[in-house]
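Quick note on labels: first sequence line is chain A, next is B, and so on, each numbered from 1. These figures come from a predicted structure and were not determined experimentally.
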2 protein chains.
Amino acid sequence: MELDETDRAILRILQEDARTPFSEVARRIDMSSATVHDRVNRMEEAGVIEGYHASVDPKAVGYGVSAFVGLRVEQGREEDALERLREIDGVCEIHLTTGEWDVILKVVAADTDSLRELMFESVAEMEGFSRSQTMIILGTDYEADGPPV
Amino acid sequence: MELDETDRAILRILQEDARTPFSEVARRIDMSSATVHDRVNRMEEAGVIEGYHASVDPKAVGYGVSAFVGLRVEQGREEDALERLREIDGVCEIHLTTGEWDVILKVVAADTDSLRELMFESVAEMEGFSRSQTMIILGTDYEADGPPV
DNA sequence: GTTGAAAAAATATTGAG
DNA sequence: CTCAATATTTTTTCAAC
């Protein structure tokens, strides 16, 4: 789908606050809310807009520790291994990567004890992985609302 | 702030679709929409809900390549270095971590050429960093809407 | 593609249990 | 904390340009 500057302006507003009323989006980009509605619908259908998500503070819901986890997967066990990773509570993202690791996870845990459990009882126990490394997130200095548009 | 099961149920719904009308949230958790409204307000004020964001497909807006970038920061240059990283177009996340890297970035770029530019003209040029490693994301197998609630 | 206007629906607010 | 009722806004639809 081809996006013009109007579409991008709408995206930028909804990236920042997905609950902005279309009527206000319309005011800001100087168009009617019917147009905004129409364009948003088309972008949803085309998959440009994948969804709308409330961002919840992990600490507020009991997760004091976040980490990236690098994993090496044994040849030929990729699909099986990934399937099982997804089931583990606390695993928030699973990325396949080039470089030092085959898989990079983002995980959350209540505390370091829980993280240890997650790593040694869930991940390390699993067959198909060789090496792993846990990189605890000391702080997140910056987090954009999505890709620049 | 203390969260009860009702708050958590509301959070789960809004994590999945932040534009769900409060009236429907109310139906689903079997409460009045005024209650939902009240609880959402309190969770917003308490910072439990950090915001609402439209999730935009990076490919649809011209970013064909995503990557994690690990960086080593020279002693004593941390603040300065982080400040400048934030300015670079395409840098979406900046995390301070333990382990092999001091900083892990998530970046997006139009293509591998752009990524190369980003790394060698923006990041590598910057003083304060020693080693870096780029881990290109071949695919994202799973991405939760946020922490489990 | 865009618009304005009407109808339907949702949100914000208030007052009371 | 919860609700019902109300007033205000917004979403949604549609004929017309």
Side-chain angles (χ1 to χ4, degrees), chain A residues 1-63 110 144-149, chain B residues 1-63 110 144-149:
Chain A
M1 178 188 181
E2 192 81 359
L3 298 175
D4 63 17
E5 188 46 44
T6 301
D7 292 318
R8 289 172 186 273
I10 293 170
L11 286 179
R12 283 192 295 269
I13 293 169
L14 295 179
Q15 269 186 325
E16 194 178 324
D17 181 1
R19 289 187 72 96
T20 309
F22 291 175
S23 57
E24 195 193 322
V25 176
R27 262 195 299 280
R28 288 208 228 162
I29 66 172
D30 205 42
M31 294 219 168
S32 77
S33 60
T35 299
V36 173
H37 186 255
D38 183 53
R39 282 170 177 261
V40 169
N41 270 347
R42 273 186 292 120
M43 289 194 282
E44 285 175 355
E45 278 158 27
V48 176
I49 296 175
E50 296 170 332
Y52 306 93
H53 307 290
S55 159
V56 174
D57 178 13
K59 287 211 169 62
V61 290
Y63 298 102
D145 299 330
V149 178
Chain B
M1 180 187 180
E2 191 82 358
L3 298 176
D4 63 17
E5 189 44 45
T6 302
D7 292 319
R8 289 172 187 273
I10 293 170
L11 285 180
R12 283 192 295 269
I13 293 169
L14 295 179
Q15 268 185 325
E16 196 179 323
D17 182 1
R19 290 187 72 97
T20 310
F22 290 175
S23 56
E24 195 193 323
V25 175
R27 260 195 303 280
R28 288 207 229 164
I29 66 172
D30 205 41
M31 294 219 168
S32 77
S33 60
T35 299
V36 173
H37 184 254
D38 187 54
R39 282 171 178 263
V40 168
N41 270 347
R42 273 186 293 118
M43 290 194 282
E44 286 176 355
E45 277 159 26
V48 175
I49 297 174
E50 296 170 329
Y52 306 94
H53 306 289
S55 160
V56 173
D57 178 14
K59 286 212 172 61
V61 291
Y63 297 102
D145 298 329
V149 177

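- Residues Met43(B) and Leu3(B) form a side-chain contact, since some pair of their non-hydrogen atoms from C-beta on lies under 4.5 Å apart.
- For the pair Met31(A) CE and dT11(D) P, the interatomic distance rounds to 17 Å; values are reported in whole Å.
- As a whole-Å value, the separation of Glu44(A) CD from dT11(D) C1' is 13 Å.
- Just one residue in the list Val36(B), Asp30(B), Ile29(B) forms a side-chain contact (heavy atoms from CB on, under 4.5 Å) with Thr6(B), and that residue is Ile29(B).
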What N/O pairs connect the protein and nucleotides 4-9 of chain D at under 3.5 Å? Give each pair on its own line.
none

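- Where the helix from dG1(C)-dC17(D) to dG17(C)-dC1(D) starts and where it ends, the local axes point in directions that differ by 30°; five pairs per end, rounded to 10°.
- Ionic pairing of Glu24(B) and Arg28(B) is present here: one or more N-O contacts between side-chain nitrogen and carboxylate oxygen are shorter than 4.0 angstrom.
- Heavy-atom nearest nucleotides on DNA chain C were determined for Glu24(B) and for Arg42(A), and the one closer to the 5' end corresponds to Arg42(A).
- None of Val149(B), Asp7(B), Asp145(B) except one satisfies the side-chain contact (heavy atoms from CB on, under 4.5 Å) rule with Arg12(B); the exception is Val149(B).
- Here Arg19(A) does not reach the OP1 or OP2 of dT10(D): none of its side-chain N or O atoms lies under 4.0 Å away.
- Contact annotation: the side chain of Gln15(A) approaches that of Pro147(A) to within less than 4.5 Å [non-hydrogen atoms, C-beta and beyond].
- The 12-atom threshold is exceeded at CD of Glu44(B), counting heavy atoms of other residues, nucleotides or ligands nearer than 6.0 Å.
- Put simply, the side chain of Val40(B) reaches to within 4.5 Å of the side chain of Leu14(B), judged on heavy atoms.
- Scanning all heavy atoms of the two residues, the minimum distance from Ala60(A) to Val48(B) falls at CB-CG2, 3.8 Å.
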Report all interatomic pairs (protein N or O, nucleotide N or O of nucleotides 15-17 of chain D) with separations under 3.5 Å.
none

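- Annotation for Ser33(B) and Ser23(B): closest pair CB-CA, 4.0 Å, computed over non-hydrogen atoms.
- One interatomic measurement links the two molecules: CZ of Phe22(B) to C1' of dA9(C), which rounds to 15 Å at whole-angstrom precision.
- The nearest whole Å value for the distance from the CG atom in Asp17(A) to the C1' atom in dT10(D) is 15 Å.
- In plain terms, the two heavy atoms of Ala18(A) and Arg19(B) that are nearest each other are O-NH1, 2.5 Å.
- Spacing between atom CG of Asp7(B) and atom C1' of dC1(D) amounts to 11 Å, rounded to whole angstrom units.
- Rounded to whole angstrom, the span from the CE atom of Met1(B) across to the C1' atom of dC1(D) amounts to 12 Å.
- Between Met1(A) and Ala46(A), the closest heavy-atom pair is SD-CB, 3.5 Å.
- For the pair Asp4(B)/Arg39(B), a side-chain contact is recorded, criterion being any heavy-atom separation below 4.5 Å from C-beta on.
- If you measure from atom CG of Asp30(A) to atom C1' of dT3(C), you get 13 Å, rounded to the nearest angstrom.
- The phosphate of dA12(C) (OP1 or OP2) has a side-chain N or O of His37(B) nearer than 4.0 angstrom.
- Taking 4.0 angstrom as the limit, Thr35(B) places none of its side-chain polar atoms (N or O) nearer than this to OP1 or OP2 of dC1(D).
- Nucleotide dC14(D) holds its C1' atom 14 Å from the CG atom of Asn41(A), rounded to whole Å.
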